[in-house]
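Here the structure comes first, spelled out in structure tokens, and everything after it is commentary.
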Amino acid sequence: MPKQMPDKPTLDGLEASWDAVWEEKGTYRFDATATRDNVYSIDTPPPTVSGSLHVGHMFSYTHTDTIARFQRMTGKAVFYPMGWDDNGLPTERRVQNYYSVAGDASMPYDPAWKPKFRGDVPKDAQREMISRRNFIELCQELTVEDEKAFEHLWRTLGLSVDWSQTYATIDDRSQRVSQKAFLHMVAAGKAYQLEAPTLWDIDFQTAVAQAELEDRELPGAYHRIAFHRTDGQGDVFIETTRPELLPACVALVAHPDDERYKPLFGTTVRTPLFNVEVPVKAHPLAQPDKGSGIAMICTFGDTTDVIWWRELQLPTRAIIGRNGRIVADAPEGVAPQPYARLVGKTSKQAQTETVIMLTESGELIGEPKKITHPVKHFEKGDRPLEIVTSRQWYVRTIENKERLIELGRTVTWHPDYMRLRFENWVDGLNGDWGISRQRFFGVSFPVWYPLNADGETDYNNPIYADEASLPIDPASATPPGFTEAQRGVPGGFVADPDVMDTWATSSVTPQIAGRWTEEGSDLFDRIFPMDLRPQGHDIIRTWLFTTMVKSHAEFNVAPWKNASLSGWILDPDRKKMGKSKGNAVTPIDNLQEFGSDAVRYWAASARPGVDTAFDTGQMKIGRKLAIKLMNASKFVLGITGGAPADLAAVTHPVDQAILFRASALISETTAAFNDYDYARALERTETFFWNFCDDYVELVKNRAYDNEGIDPVGSASARSALAQVLSTLQRLLAPFMPFVTDEV
RNA sequence: GGGCGGUUAGCUCAGUUGGUAGAGCACCGCCUUCACACGGCGGGGGUCGCUGGUUCGAGUCCAGUAUCGCCCACCA
């Protein structure tokens, strides 16, 4: 029903009132009967609900929303779901602290169990061990509150999401889809398990994937150490930053063309202190200009060690345990006396002790030379990664590099150069994708292993769950053909204790949102491959890449037609916001201060992919624009009485000219939107709007009023043109400022 | 070492077939006249990183270079 035109239009309160209207009318509901060619589907990024809200969220989600609103206005049925990423380490850590619990994958589910504490954990409380399923239930309980806060923010911001299409990455639907996709890959030979050296976080005690690594500059020192030639011809000097790995040394290596070391190839040397005979080998990866040009190979100091160990077929002498401490038993052949002095120590402590021993024995040459060097870390971890041998699940990527790049080229990238980041990442992969994690809050592998008569696990004959039984937790469910009483006993079975990496779940968001293979649902066929994947450019190597891998494995097509990459929000010091402490702004405050349309204006002013400074000045401009639109509309509607435009009445050349320009603007902005350049569409519309107000309106004002009644034809012409252009402007601005345009 | 992006007014940025440099903010000045003081109008301010080339004409195209940032590789 028409509202009374206010004397003084205001932006205040529009968010709440229009959100209620949109919800009540189901304005943004997906039409599930629409056919694929009339659907526009969006693979919305599920935000990490255990993280805090920040302005970066509003920024990138606004970009997507302008596209969604544009597509809806072209007549498409827009599939715009929302997911919550509650799966993974951040949630797990919060749950541990909030309820004072820890997960134990071997414990059975106890449906009656309740937590003793909720946030009010006494300092001396002992963490209670609970089953994985109980742990997951706590995670779900705790994240519900966060999800509410996010939904409130999104609604206030005016995201035209269909709120009946939501999911959480740990809910049953996500688990079923993740497990099913996994079983398909196993059946097709695209996923496999392998016991191999793995990058390992000693604090979280889990494997870590290549995509989760980050380098940090740490102080270190080159230690020059003497190895003794077994032919009695003197010593060979190596330089190492990790002398504590001496007992793990399995060979020395130099470049095949290095004249200094050529005579040594094929001979052996003895390690200092530990007195192990190791060969001297040649390998092209050895760099003559690094250190002394000859390096010790340890199992394992870094990823190059792994390559040498594999390619030169060297033995294994592992000394670092999964907790990062030196293991109790010395590898075979290692002198026990000096080794005993290292047992139980951390790498750092062991290094100090080794240096003392080497100094005592005279085998450390000179003072260690201090350096700083990059050291690999888990991006969420504190201490450097170690490499330990462990059994993990992998998805084949290396053999599919070419095909993945090819599929990447079937996607239209916005901006286009982001495609190269994807291709560079794929091109640079040096191992398959490790998807198993030794954690609790994640999707479990639907797998058990038989135990032989001696109670040993038979990893070669895994028992896979039936697809019909998914989702399942093997720690609680019993494999086909067994009874629960056989769990953990010889001749029985054990569950796979691991969970999937968080990316192994979020990499199937199109399948989750689209209810893939869900009984009674044909949604997936209507939305897949999806039209758009919007996301930040920082997670091309994770989310975008892994989604491509899964889509390739299951469907052999790219999961979307377009990928649009949003930039970062930078604080005024050009630092990434939210990373450094104290500069994070609460988004809801911005929305209240400037109005959602103004914040959306700021976000939409940034060109696709461009890192953008947080700028309240730009929000002020947006607010000004929204107010101007109100006032201009008040003027036009006041003069026309809200009557629709009669284009036949537009006879005056000035009026025809403005319609002509408006028409050109529609073409230009439509083209920009079709090219995902929302910023251009906004900028052109804004420029036109200000010219319209400043020039055209002032020019025709008196003729439109026609207070004297001397030119009714000219007046009608102006009124119709005003009404028509105002209507055009409302629609062109609607994707950016939905609250004020709907109000008008 | 490889790849990518930026470099235009004090600040944040736009500038799409090459055709006499733009916006907002900030600064200064004017205006409460019937859409707009949560405002309007006007003003000052730029050798478009640098060098060379193509062209009648280059912020725009080409080559080179400097510099900042991001990603990757290296990690003895």
Side-chain angles (χ1 to χ4, degrees), chain A residues 5 7-12 210 213 215 217-218 220 222-225 238-243 245 249 252-254 285-287 289-298 301-305 308 371-376 384 415-430 537-538 540-541 567-568 570 572 574-576 594-595 598 602 605-607 609-618 620-639 668 671-672 675 677 679-680 682-684 686-687 690 693-694 697-698 701-702 705 707 722:
Chain A
M5 182 133 49
D7 283 345
K8 200 170 171 62
T10 176
L11 300 176
D12 297 337
Q210 189 181 351
L213 304 182
D215 282 348
E217 286 289 333
L218 286 188
Y222 280 122
H223 300 75
R224 190 172 172 87
I225 297 174
I238 63 105
E239 292 191 9
T240 179
T241 56
R242 301 202 59 184
L245 292 178
C249 178
L252 298 189
V253 65
L285 236 49
Q287 295 179 37
D289 56 340
K290 273 267 169 73
S292 61
I294 186 164
M296 69 170 181
I297 303 173
C298 303
D302 61 39
T303 49
T304 317
D305 278 345
W308 282 328
I371 56 156
T372 60
H373 60 158
V375 181
K376 280 196 199 315
D416 180 63
Y417 62 76
M418 293 294 183
R419 190 189 77 248
L420 295 170
R421 298 198 182 185
F422 171 74
E423 293 184 4
N424 286 343
W425 170 255
V426 174
D427 198 44
L429 287 172
N430 50 35
H537 60 62
D538 54 319
I540 289 175
R541 67 177 185 168
W568 287 114
L570 308 171
R574 310 294 296 173
K575 297 257 171 57
K576 211 157 87 183
F594 301 102
W602 158 73
S605 300
R607 311 203 83 75
V610 175
D611 292 347
T612 302
F614 177 71
D615 184 7
T616 54
Q618 202 67 17
K620 280 184 199 162
I621 300 167
R623 186 173 174 82
K624 233 167 93 168
L625 177 62
I627 291 164
K628 185 81 173 176
L629 183 61
M630 282 252 176
N631 284 313
S633 302
K634 182 187 156 201
F635 166 72
V636 173
L637 295 174
I639 217 166
E668 190 181 12
D675 198 29
D677 194 347
R680 184 179 176 79
L682 172 58
E683 190 257 333
R684 292 305 153 116
E686 187 186 8
T687 302
W690 285 100
C693 291
D694 294 353
V697 169
E698 296 304 327
K701 209 181 234 179
N702 289 332
Y705 276 130
N707 291 330
L722 284 168

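Excluded from the calculations below are hydrogen atoms, water molecules and symmetry mates; all remaining heavy atoms, backbone and side chain alike, are included. Within every chain, numbering begins at 1; the chains are lettered A, B, ... in the order of the sequence lines, protein sequences first and strands thereafter.
To the nearest whole angstrom, the two P atoms, one in B:G10 and one in B:G64, are 31 Å apart. One C1' atom belongs to B:C48, the other to B:A23, and the distance between them is 16 Å to the nearest Å. When the C1' atom is compared between B:U60 and B:G19, the two are found 11 Å apart, to the nearest whole Å. Rounded to whole Å, the P atom of B:G15 lies 25 Å from the corresponding atom of B:C71. A distance of about 25 Å separates the C1' atoms of B:G39 and B:A14, rounded to the whole Å. Taking the C1' atom of each, B:A58 and B:G52 are spaced 13 Å apart, rounded to whole Å. Using atom C1' as the reference point in both B:C74 and B:G3, the two lie 15 Å apart (nearest Å). Nucleotides B:C11 and B:U17 place their P atoms 28 Å apart, quoted to the nearest Å.
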Legend entry - CA sep, side-chain torsions, deciding dist, call: A:Thr240, A:Leu245, side-chain contact (heavy atoms from CB on, under 4.5 Å): CA-CA 9 Å; A:Thr240 179; A:Leu245 292 178; over 6 Å; no

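If you find the closest nucleotide of RNA chain B to A:His373 and to A:Lys701, the one lying nearer the 5' end belongs to A:Lys701. Take the nearest nucleotide of RNA chain B for A:Thr10 and for A:Glu698: the residue whose nucleotide is more 5' is A:Glu698.
Counting any heavy atom pair closer than 4.0 Å across all strands shown, A:Cys298 reaches no nucleic acid atom. At a threshold of 4.0 angstrom between heavy atoms, the contacts of A:Asp305 with the nucleic acid are absent. Within 4.0 Å (heavy atoms only), A:Ala286 reaches at least one base atom of the nucleic acid.
Taking A:Asp416 as the reference, A:Arg419 meet the side-chain hydrogen bond (donor to acceptor under 3.5 Å, both in side chains) condition, with sequence neighbours excluded. Residues meeting the side-chain hydrogen bond (donor to acceptor under 3.5 Å, both in side chains) test with A:Glu683, sequence neighbours left out: none. Taking A:Trp308 as the reference, A:His283 meet the side-chain hydrogen bond (donor to acceptor under 3.5 Å, both in side chains) condition, with sequence neighbours excluded. Judged as a ring-ring contact (aromatic ring centres under 6.0 Å, His included), and not counting sequence neighbours, A:His223 has no contacts. A:Glu698 pairs by the salt bridge (Lys or Arg N to Asp or Glu O under 4.0 Å) definition with A:Lys701, not counting sequence neighbours. For A:Asp677, the salt bridge (Lys or Arg N to Asp or Glu O under 4.0 Å) partners at least two apart in sequence or on another chain are A:Arg607. Every salt bridge (Lys or Arg N to Asp or Glu O under 4.0 Å) that A:Glu239 has, sequence neighbours left out, goes to A:Arg224, A:Lys369.
Between B:G40, B:A76, B:C74, one nucleotide has an atom nearer to the side chain of A:Thr304 than all others, and that is B:C74. The listed nucleotides are B:C36, B:C75, B:C13; the one nearest the side chain of A:Asn631 is B:C36. Nearest to the side chain of A:Gln287, among B:C36, B:G40, B:C74, sits B:C74.
Rounded to an integer number of Å, the gap from A:Phe594 CZ to B:C38 C1' is 12 Å. Whole-Å rounding puts the A:Lys634 NZ to B:C36 P distance at 5 Å. For the pair A:Asp215 CG and B:A73 P, the interatomic distance rounds to 8 Å; values are reported in whole Å.
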Inset, instruction - Could you run through nucleotides 22-33 of chain B and give me one letter per nucleotide, 5' to 3': B if any protein heavy atom sits under 4.0 Å from the base, S if only the sugar-phosphate is that close, - if neither? - result: --SS--------

Legend entry - Nucleic acid footprint by protein, nucleotides 3-8 of chain B - heavy-atom cut-off 4.0 Å, B for base, S for sugar-phosphate alone: SSS---

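With hydrogens and angles ignored, the 3.5 Å screen pairs a side-chain donor or acceptor of A:Thr612 with a backbone N or O of A:Val610.
Between A:Lys376 and A:Thr303 there is a side-chain heavy-atom pair separated by less than 4.5 Å. Side-chain contact between A:Leu252 and A:Ile238 is present, with heavy atoms from C-beta onward closer than 4.5 Å. Counting heavy atoms from C-beta on, the side chains of A:Trp425 and A:Gln210 come closer than 4.5 Å. Within the 4.5 Å cutoff, side-chain heavy atoms of A:Thr241 are placed close to those of A:Tyr222.
For B:A73, one of the phosphate oxygens OP1 or OP2 lies less than 4.0 angstrom from a side-chain nitrogen or oxygen of A:Gln210. Applying the 4.0 Å criterion to OP1 and OP2 of B:A76, one finds that A:Thr241 has a side-chain N or O inside that range.
For RNA chain B, each stem of at least three Watson-Crick or G-U pairs (distances under 3.5 Å) is given as range with range: B:1-7 with B:66-72, B:10-13 with B:22-25, B:27-31 with B:39-43, B:49-53 with B:61-65.
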Would you tabulate the nitrogen or oxygen pairs shorter than 3.5 Å linking the protein to nucleotides 14-21 of chain B?
| from | atom 1 | to | atom 2 | distance (Å) |
| --- | --- | --- | --- | --- |
| B:A14 | O3' | A:Arg607 | NH1 | 3.2 |
| B:G15 | OP1 | A:Arg607 | NH2 | 3.3 |
| B:U16 | N3 | A:Arg680 | NE | 3.4 |
| B:U16 | N3 | A:Arg680 | NH1 | 3.4 |
| B:U16 | O4 | A:Arg680 | NE | 2.7 |
| B:U16 | O4 | A:Arg680 | NH1 | 2.2 |

Could you tabulate the donor-acceptor pairs under 3.5 Å formed by side-chain atoms of residues 620-632 of chain A, not counting sequence neighbours?
| from | atom 1 | to | atom 2 | distance (Å) |
| --- | --- | --- | --- | --- |
| A:Arg623 | NH1 | A:Phe594 | O | 2.9 |
| A:Asn631 | ND2 | A:Ile627 | O | 3.2 |

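Between the side chain of A:Asp538 and the base of B:C70, no donor-acceptor pair under 3.5 Å is found.
Going from atom CD1 of A:Ile540 over to atom CG of A:Leu420 covers 10.0 Å, rounded to the nearest 0.5 Å.
When every heavy atom of A:Gln618 is checked against every heavy atom of A:Ser605, the shortest pair comes out as NE2-OG, 3.5 Å.
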